[in-house]
Novice: 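First the structure, then my questions, so here it is.
As the structure is a computational prediction, the values presented were derived from the model and not from experiment. Proteins come first, then strands; the chains are lettered A, B, ... in the order of their sequence lines, and each starts at number 1.
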Amino acid sequence: MGLEELAESLGQNVLTTTLGKVVGWGRGNSVWPAQFGLACCAIEMIATATAGVDIARFGSEAMRASPRQSDLLIVSGRVSQKMAPVLRTVFDQMPEPKWVISMGACASTGGVFNNYALLQGVDKIVPVDVYIPGCPPRPEDLLNALMILQERIKAQGIQPRQ
Amino acid sequence: MISDQLIIDRGVSAGDEWITVPAESVHEALAALRSDGYRLLTFLTCVDHLADHSREWPFRFEIVYQLRNLETREQLRVRTFIDGDPPRIDSVHDLFPPANWDERETYDLFGVVFNDHPDLSRILMPDDWVGHPLRRDYPVGGETVEFSEEHERWQTAPDEA
Amino acid sequence: MSTPEGVTIVKTGEKGHFGGEILTVNFGPHHPSTHGVLRLIVDLDGEMIRGIKPVIGYLHTGIEKQMEALRWQQGVVVTDRHDYLSPPINNLAYALAVERLMGVEVPPRADALRVIMSELTRLSSHLVWMGTSGLELGAMSMLMYCFRERDTILDMNEEISGFRMHTSYIRPGGVFADATPRFLEMLDKFIGEMPGHIDEYEDLLTMNPIWRARTIGIGRLSPEDAKVLGATGPMLRGSGVAWDLRKTMPYSGYENYDFEVATSNDCDCYGRYLVRIREMREAVKILRQALDRLPDGPVNVDDRKMLPPPREELETSMEAVIHHFKLFTEGYSVPAGDVYVAVESGRGENGCYIVSDGTHKPRRVKFRAASFANLQALERMALNHMVADMIAIIGTADTVLGDVDR
Ligand code: SF4
């Protein structure tokens, strides 16, 4: 088959693009969060998965119980000094490429609890891609963060982290 | 019946009845109260009176037991004062099972040692933590917040202490 | 029993009942079914639980220390966040305690609004419990139904206080603001619809064979044990003890409402579920009465030393400006003394013990957490059950880890 015949037989059913874009598109639309609830914010995270807000529209309803099957860590709530090593372990167990959303004031900065017990910002132990303000953030805020992250993943292409 | 010799002081604070007992006989006093019908220990905690000038305190640490009689619905607060390094007091976990964790928590946060406790270890803080955070001379911690006037004063221990 | 951090399975070498060895297994703190960050160290003989030791503290937030560093009126914000499924009830315990120490009484309308908020919270807390427990025990759709109504409640929270979850609505001296007409409308509509929704949940769960198989006879707790172990709330009432602080030691005018204390003599996980369902029905009843009899009048005490003056006064009165300034720079001080106030939350006795040394910050604030005491009963309930039943037992104990660890 010559090239022209091939093109003819395929008709309009062909797209040409770069590999990076395809990979980014695929990754961006199937971000699976790890099921990692910590405190009050986790309740709003659950609410995001329910019918009213429905995170499934963005391909992220598959909350994985095992970090080894997920590529997004939503740190939903306050991280205590005792929990910090656990959080880091969970993060380390996730396969590359992986992303982190820091949900809520506590995860981002310690929130209203500026004291000995809490890690003042989860970015001290894991790299954070998107921060969400609010205490707790609304479910819509989480969706917004997810959309921002998706944009970023799509733009990153085949090599997410340099 | 709890004998009057065990009661050093009694009174009412904001509608709550309380008695003070000597620290050595706290187990005896609580056992007597328990047989009087105060079967439930609602909670047990410690108050640190470091540099508290609201009145004269016999010792720095006050251990508070809040008891309840489920039949008559009466409540009673038992106080006792201790000092020392570390402060020591008898455990009451054999009388009131909920005291088990409460005592561990008090040990963790205040450094009060409960004699004869089956498993006196840290419960809230990590095992290798240094210090007892709820003591007044333990700093609140956290980070300095820029442009905040409040943070300089975020020490629960007054300067004179 | 001390198990090194990070070790997942330890062979003890002891012979188990079924010929195998007893293994020590680590669950959590990050485990999908432990309701947060609870860690359990379990001795297993085959599938049987022979010993269980909860390890807590993974959510220790230092709330009590934080309260000591904040002024009296700032503390309200922090109380919201310890038992994060029932913020207004936490506020209520704190507010009542501060008011008792200061010797102030709030006006009747404030009391009624407090009752309304408490009952709405109780409903939403039970809804979250039912949704997540259903999810864990295989009734996935429960989550969708329960969160639908919870969202309605949160919308109401938002209408009355401007915030969805941590409302800080109930404050020492009254409430944040009067109910808006739209809030009352929403509440009226909600009360009308809710009984139907509760029927819907019952359709899904009460006779559901899987739900029954997984909860009936599981996690038995005898009435004596429940009392001795200090369990409160649905845990105690699920064991047939009619103890409800709203009835036995009424506060905020609960004595004026006609409702029943829901109990169940089943003493198992199913009994606790029934108690919660009935409690939801009673809550709707209380809401109806509170709404119908909502008194008129102010919602805050008329005390310029405790609450800021209204906005209009600030423009005309110098005194008001001074009060305003004093309140927001120094705060008020509470007479020296100590007080313990307990209120009934969705989980049980939610108490607040406050010691004041007469300054503008508390000397000590201790929260008596219902979950903390209830979790201690876990060992008694879970022994000699299968591992999978442990999920049902932890689920129906309804522990909120923020409440346990504070
Ligand atoms: S940010 Fe607020 S809602 Fe989120 S965990 Fe912290 S206190 Fe809770």
Side-chain angles (χ1 to χ4, degrees), chain A residues 34 36-43 67 73-93 100-137 141, chain B residues 43-52 60-61 85-87 100-112 119-159 161:
Chain A
F36 192 70
L38 285 170
C40 352
C41 284
I43 310 291
L73 182 66
I74 303 178
V75 185
S76 55
R78 40 198 191 235
V79 184
S80 66
Q81 304 284 3
K82 199 170 178 179
M83 195 65 193
V86 182
L87 182 91
R88 179 69 210 195
T89 313
V90 169
F91 177 75
D92 285 342
Q93 284 174 346
V100 179
I101 289 181
S102 153
M103 179 180 184
C106 284
S108 307
T109 67
V112 294
F113 307 106
N114 192 359
N115 62 27
Y116 65 95
L118 281 199
L119 197 65
Q120 300 293 313
V122 70
D123 44 9
K124 294 217 166 79
I125 51 168
V126 292
V128 177
D129 294 277
V130 184
Y131 298 87
I132 319 178
C135 179
D141 284 335
Chain B
F43 69 84
L44 171 172
T45 190
C46 176
V47 184
D48 183 355
H49 288 295
L50 178 70
D52 179 354
R60 177 175 164 188
F61 294 104
D85 189 29
N100 189 330
W101 280 20
D102 275 340
E103 285 176 354
R104 280 179 68 191
E105 185 190 307
T106 311
Y107 164 71
D108 188 354
L109 301 178
F110 286 94
V112 177
D119 174 25
L120 198 64
S121 54
R122 286 192 183 266
I123 184 167
L124 295 180
M125 302 307 294
D127 285 336
D128 52 358
W129 195 260
V130 180
H132 300 284
L134 272 186
R135 289 194 177 188
R136 293 294 279 205
D137 47 8
Y138 192 97
V140 179
E143 284 178 3
T144 321
V145 180
E146 297 291 329
F147 311 114
S148 105
E149 298 163 7
E150 192 67 25
H151 197 274
E152 287 90 60
R153 279 178 276 136
W154 268 26
Q155 296 290 335
T156 43
D159 297 334

Novice: Do you know the tightest heavy-atom contact between B:W129 and A:Y116?
Specialist: CH2-O, 3.9 Å
Novice: Testing the basics here: between A:N114 and B:V140, what is the closest heavy-atom pair and its distance to 0.1 Å?
Specialist: O-CG1, 3.8 Å
Novice: Quick one: closest heavy-atom pair of B:M125 and A:K82, and the distance?
Specialist: O-NZ, 3.7 Å
